[in-house]
Student: 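Mind having a look at this structure? Questions to follow.
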Amino acid sequence: MTGLEPALACMFNYEMNYERFVSVYWPHFNTQVTKKLDPSTVFTQIISHIKGGAEVGGLGDGKLSREEYVMLFESKGSTLSRKERERIYDIFCDYERKKVANGEFDLSDFVTNLHRRLARDGYAGDRMDFVYIDEVQDLTMRQIALFKYVCRNFQEGFVFAGDTAQTIARGIDFRFQDIRSLFYKEFLSELRSGRKDRAKEKETSVSKIFHLNQNFRTHAGVLKLAQSVVDLLYRFFPTSIDVLSPETSQTYGEAPLILDSGNDENAIISIFGRSGSTRYNVHGFGAEQVILVRIECDKIRVFEHVGKQALVLTIVECKGLEFQDVLLYNFFGASPLKNQWRVIYEYMKEQSLLDSFSPRAFPSEDILIAHLRKLCKQQAASSPEDWRLRGIKLFNEGNFEMATMCFDRAGDAVRGKWATAAGLYARADRTISTDFEMARDLLIKAAEIYESIEKAEAAAKCFMMFKDYKRAGILYRDKCGMSRLKEAGDCFLLGKCWSLAADVYARGEFFSECLSACTKGELFYAGLQYVEQWKENSSSDELEKIGEADKIKISFLEKGALHYLELGDTKNMMHFVKAFGSLDLIRNFLKSRNFLDELVAVEDEAGNYMEAADIARKKGNVLLEAEMLGKAGNFENASRLILFYVVMNSLWAAGGKGWPLKKFQDKDVLLMKAKSLTEKASGSFYEFICADIDILSDQSYSLVTMSKQFCSARIHQNTRLQFFSERKIIDIHLHLEASKFYWESEIVSDVDNHTEKMMSQNYFSVETLMYFWNLWKEMIMKILSYLRLPSLPAESDFLIYEDFCLEYFGVRKKDKEKLMKKTKKIDKENTYIALKPDACWMKGNHESSIKRDNDLVSMDAPQFMLLAECFWVSEVFSVGMKVLDKLQVLHDFSAKKPLSFFQGRVILHMFEVARFLIEFKSTDSRYYAGKLQKVISSCKQCFFQMVFPLYRERAITESMVGLYYCGTSMKILEEILIDNLVLKNGKLKNGQIGRVVMLLFVSGSFSDDLCERIKSCLEQMPQWKALVEMLKTCLDCGYGRVSLVSKFQEALQSTFLASWDQEYDYISPHCFMYLVECLLFLVSSLHCYRGSFFTTKLSFFEVFVCQNWKGSLSSGLVVPDEQSQSAIFKSLEFIGKVVQRLLFDKQGMKDWIRRYSYPNQFSYYQSLVLRLVVLVYLAHLNSEWDFPTMTKLLCSKNILLDLPQPFSGILQRSGFGRMKQKRQLLRNLADALATVGNSLMVVGTESNRSKFSNLKAVFVSLEAIQCREDAIGLLFVKSPEAVKCNDHTLELEKGDLRKLSSINSQTNDSKGPSTSNASTEECQDLGTQIENECGDTKTIWEVLENF
């Protein structure tokens, strides 16, 4: 028995055979399924077909599927129907489940396992050139297929011999034809697949079957009887065996006799008597005679009568044995077929074998006795040696009971006991799984017998079978000598007798096993003694063969250390570790098992501080790493690490959610420690760290101090300090009350300078809030750009943001070398270690992709980038929404005051923030999309009302002009325009068109794409489409002004004539009036050929300042032709009709106003009436229109009652309706407009200035206006360089080349307007200077072309 035998013995206890299948499994199958099925047939189908057939070879699971097996019923040799195969497969499935549950296996499982292992690992044994297989009929096809691994000589290396008629092994169904098929599929297919020369394939084939029909063992009489049985098989089961030629023998012999007692008495009793007595003085058979029975129960029954007088065997047991005489007992009577054997008679009749000469009676009793005496004579020839040899053969065949009888007849007591014990062992083997106690008793008896004949190994095997390993080990140790000490140790090991096992292994010099036993038994100190003793007693040669003693010692010490670690006894663990004696071994042991704390202590004791710091880093102990770096003199990195720890815990301690920085225990102590370490470093680094310490501390600082910190961060390029400073300042703004904000009244041009001044005075404003929001946002966007990079070059500017992200999230980066499979090159792979595993930035949808290890979390670069990106995106939205909320509060606060620049600036900032967030591509943008869209819509509505206010005078401030022309204003106006291009029922409404054209005039220019889009929406409104086309031409090229006026008038007329009360979105009064005033301004400017034209301050502001109007109106100096005069007349006529219809239909106009829910509608109505009246005056003054006729109409309708009293009073006192001189009318209008804050403006050439010197009007010299700023300076005079007070004339210089001259209106006192004596000579000099520089031919529209 080898060292593996104990395990094998345990395994074979669970082997399934036919006997166990019938006795244990068959009774428990469903009787409805097993009905009318023979267990032998079912077992044969399972072993030889479902799991062992040739068809199984190509299947990975080693069995046929249900469909594959059932379809075999169509094969030529099948005797089972489809339904029978279905039932057999059901039994097979149940059988497999039970077998697995019981931990058992059958022969086919074993063969399948061999196939898998040989296919995977190959055959490592001796190769055979030739293989001869006898008794092949007792093997399944899958067993035969195993020989292909042993011998690769498929052409001629195999010979199979057997007889299908002798297939009596349980579960085997064999035919030689199946071997031929198997050989082609399994053997030759591999040969062909491996050949390069396909032409030689025909040379390999399976030879024909040779029939060996000459028999040298049996005489002709027996062969004739055997052939008759084979003929029956051919007749009734033609596919079950191969058809062979009959065997012949050269020895003559009579046919076997049928013996019967003749008196219905059992023939065995008749011959041998009862209980083995000899009734007729017939002595027992010899060693060459045997009684064969069909089944085991007959064997027992016969043996009870025969006793030791004859050998009694079943047909299966006699397989391979030879006897001179055979008595076949009760073969047909024991058959389960019973009366079905009568079918043979039918066959005999068919073959004419039943005739009158056939014997019809059995031999008489005397004849029977004679034959038996003849047999008994041969007993004398059976010597003890014959019986001993027969017993040995039976013993080797496993028939221990008959072997025992033979040894008894031979007088061999030792072998008799041996066979008896072996029989007991075999019985125990069969019953141990069902009746353990009985098996145990049998094994004890067998062991006692084995010990009595000094078969200690066999006795030990008995004890092992029922798991008494200690007694087995004692037998191996005490009775089997030194050669079996290994088995003794194995048994003690199985019995958990650790000390005995270690001692036996040590005696046998099995030191690895000895130390293993010591380890399992926790005998570490004893094991150490064994190692030391072995080292002392072994020679150098032995050490070289077995291995050095130190290696064995270290291996054992490692196990001892691990043992104490499992017990939580770190002290004893380190005792074993330190006993290694080598620092490298100690490092390897502790590192490989992650005992980093202990390793740091070892390195610290050894003075290896940098190594200790590196280990602390791997463990994630930042403070310990900093301490070791400090000991090593690396003060800068030590202080940086402490600040890293402070940042990490200030943000993420105890599951923190990040900002703001929070206080935690010992925070101040750590900051002071970092400061003290920095004092030992360079001076510049000290300042750098001190700034960080201040921002990280929990102290509150003023805005001035934080401003200094922010400036310091920018100077030193300290990203962390800059980020924290910006975020803290933003937070201060967010928490500050609205009433404490400073309100800017104009556009800030130099934001950096302005913010610095504001913070130096501890002031907060919307501009400072937006300044730091934009800085913070910009940094976040750079961080996100870094995170979204596929790879990061070493020289990249984004490296600073990588360092910042690592510090902010408490992450350490680790480089790891990786072998690339394709290029076979070493590449570095980054791993990111998060030191705060419960930090919220790692939680969420992507948490499943990270790896957690105790207090650390590791992830690869893409995972870290993704998690960090998600966090920063969330932060952008979190802070952005807070900024939006704060701006909303400030807007609501400012809304309590009159419309102002500040309110508009807040609206634009809200739009900027909301638009940025909604365009920011992330899942968060979808979450906030609804709220952000509402903010954007609200901002658009408010800003539109600011650009086109109901009461225009409120918006005429210099700061509002700057507001209109910032980038955000243009963007929001463009979006408003696009929003109004939504078709309703296939076209735009008049209200939409009006707003679109208003926005086009304000924008001053629009793209070709936008123009095409607008035109496509105006297909059903050709007048407006033509206007848009003409407006685009004028804005881009500067010509076509007359055509523009004509198209403008036609478009407005088409809308004005529509039924406003029947359209859902008709043009509003406010929008329509704005466009009519624009039309009048354009018409009036066409009269420039007269040298001047008149307008109001509001109209001039809207056209020249707000609209940034540009376009060549040089034709205005040219006398209009007939076509131009016609366009002018039509436009003025249209304006007159509009004024007349609106003013004379008060109720209709009021209803029109009421439809749009204007606040304070009566006030707006008065404002609208005033604008209509002014239109009348300006139209008359700028043309030859019949104003007196219109005046009468105004008086008749009492329009004056709806005008402001000061305005109407001046007109009434000056004779409204009676003035026929245009100059007097101009003076009256100028005085009246001055009372409503909308001064009259005279636009003309410098040569016409003197004509209007006595008016309360502002004169705009065409030569003095070169850009919008000139016009702004004219409208909003701040501090003129020279003011001539004596003649009330205001002159304003703009640089060296531009001067603005104006005629200021006089103060409105009781004396009326006074005369202004402006210096005509000075004005002429100024005009000459401008004209020389600008060219002789420049006109007003050429001058304004650069706006």
Side-chain angles (χ1 to χ4, degrees), residues 12 15-22 38-57 62 77 79 105-115 128 130-151 158-183 186-187 209-212 215 217-218 226 229-230 233 237 239-244 247 290 292-296 313-323 326 393-399 426 430:
F12 282 122
E15 183 181 6
M16 169 63 59
N17 53 28
Y18 175 73
E19 287 73 19
R20 182 167 176 77
F21 175 81
V22 173
D38 181 61
S40 176
T41 301
V42 174
F43 190 72
T44 299
Q45 289 295 312
I46 292 173
I47 300 300
S48 291
H49 294 280
I50 297 178
K51 298 172 69 175
E55 299 84 358
V56 182
T79 59
F105 68 95
D106 56 30
L107 179 63
S108 294
D109 296 329
F110 184 74
V111 173
T112 299
N113 182 265
L114 285 176
H115 273 288
M128 303 295 174
F130 295 94
V131 175
Y132 179 86
I133 305 168
D134 194 15
E135 302 291 354
V136 71
Q137 75 276 359
D138 292 334
L139 302 177
T140 66
M141 292 298 107
R142 298 303 297 151
Q143 286 177 283
I144 296 171
L146 287 171
F147 290 104
K148 69 181 180 180
Y149 300 105
V150 178
C151 178
F158 288 89
V159 176
F160 300 97
D163 185 357
T164 52
Q166 297 185 40
T167 304
I168 60 174
R170 295 293 191 180
I172 305 302
D173 189 5
F174 179 87
R175 292 188 314 155
F176 269 99
Q177 195 62 37
D178 294 335
I179 290 186
R180 294 180 63 87
S181 176
L182 173 72
F183 209 82
E186 295 277 346
F187 291 72
I209 299 176
F210 294 96
H211 296 176
L212 304 178
N215 193 303
R217 287 186 177 179
T218 308
V229 175
V230 172
L233 291 175
F237 308 98
T239 61
S240 63
I241 64 173
D242 297 288
V243 179
L244 305 175
E247 295 184 20
V290 66
L292 294 183
V293 295
R294 183 185 183 92
I295 55 178
E296 186 68 25
L313 302 175
T314 63
I315 294 175
V316 175
E317 290 173 341
C318 78
K319 176 69 174 175
L321 300 177
E322 295 184 7
F323 295 92
V326 177
K393 287 183 179 181
L394 291 171
F395 186 91
N396 292 335
E397 292 293 329
N399 198 327
R430 292 191 297 269

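In this text the structure is predicted, and so the values were computed from the model without any measurement. The figures that follow rest on heavy atoms only: side chains count, while hydrogens, waters and symmetry mates do not.
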Student: Please report the interatomic distance NZ(Lys51) to CG(Asp106), rounded to the nearest 0.5 Å.
Tutor: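 So the gap between those two atoms works out to 3.5 Å.
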Student: Dump the intermediate steps for side-chain contact (heavy atoms from CB on, under 4.5 Å) on Thr44 and Val42, then the final yes or no.
Tutor: CA-CA 5 Å; Thr44 299; Val42 174; over 6 Å; no
Student: How long is the gap from NE2 on His49 to CE on Met141, to the nearest 0.5 Å?
Tutor: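 Going from the NE2 atom of His49 to the CE atom of Met141 covers 9.0 Å.
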Student: Using 0.5 Å steps for rounding, measure from the NZ atom of Lys393 to the CG atom of Asn396.
Tutor: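 Lys393 NZ to Asn396 CG: 10.0 Å, rounded to 0.5 Å.
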Student: With sequence neighbours excluded, what pairs up with Val131 under the side chain to side chain contact (heavy atoms under 4.5 Å, CB included) test?
Tutor: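 Partners of Val131 under the side chain to side chain contact (heavy atoms under 4.5 Å, CB included) test: Met128, Ile133, Phe147, Cys151, Phe158.
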Student: Supply the atom-to-atom distance Ile144 CD1 to Phe160 CZ, rounded to the nearest 0.5 angstrom.
Tutor: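 Ile144 CD1 to Phe160 CZ: 6.0 Å, rounded to 0.5 Å.
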Student: Can you list everything that forms a side chain to side chain contact (heavy atoms under 4.5 Å, CB included) with Val159? Sequence neighbours excluded, please.
Tutor: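 Val159 satisfies side chain to side chain contact (heavy atoms under 4.5 Å, CB included) with Tyr132 once adjacent residues are dropped.
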Student: I need the Leu146 CG to Thr112 OG1 distance, nearest 0.5 Å.
Tutor: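 Between Leu146 CG and Thr112 OG1, I get 9.0 Å after rounding to 0.5 Å.
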Student: Sub-3.5 Å donor-acceptor pair from the side chain of Ser108 to the main-chain atoms of Ile47, do we have one?
Tutor: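 The answer is yes, because a donor-acceptor pair under 3.5 Å joins these two groups.
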Student: Would you say the side-chain atoms of His115 pair up with the backbone N or O of Arg142, donor to acceptor, closer than 3.5 Å?
Tutor: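 Yes: the side chain of His115 pairs with the backbone of Arg142.
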Student: Check whether any side-chain heavy atom of Val293 sits under 4.5 Å from a side-chain heavy atom of Leu313, and report yes or no.
Tutor: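 Sidechains of Leu313 and Val293: no contact.
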Student: So Gln143 and Leu107, do their side chains get closer than 4.5 Å, heavy atoms only?
Tutor: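 In contact.
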Student: Output the distance between atom CZ (Phe43) and atom OH (Tyr18), rounded to the nearest 0.5 Å.
Tutor: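 One gets 8.5 Å once the value is rounded to the nearest 0.5 Å.
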Student: Restricting to non-hydrogen atoms, name the atom on Thr140 and the atom on Ser48 that form the minimum distance, rounded to 0.1 Å.
Tutor: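 Taking every non-hydrogen atom into account, CG2-OG, 3.9 Å.
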Student: What pairs with Asn113 under side chain to side chain contact (heavy atoms under 4.5 Å, CB included), at least two apart in sequence or on another chain?
Tutor: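 Once residues adjacent in sequence are excluded, the partners of Asn113 under the side chain to side chain contact (heavy atoms under 4.5 Å, CB included) criterion are Arg117.
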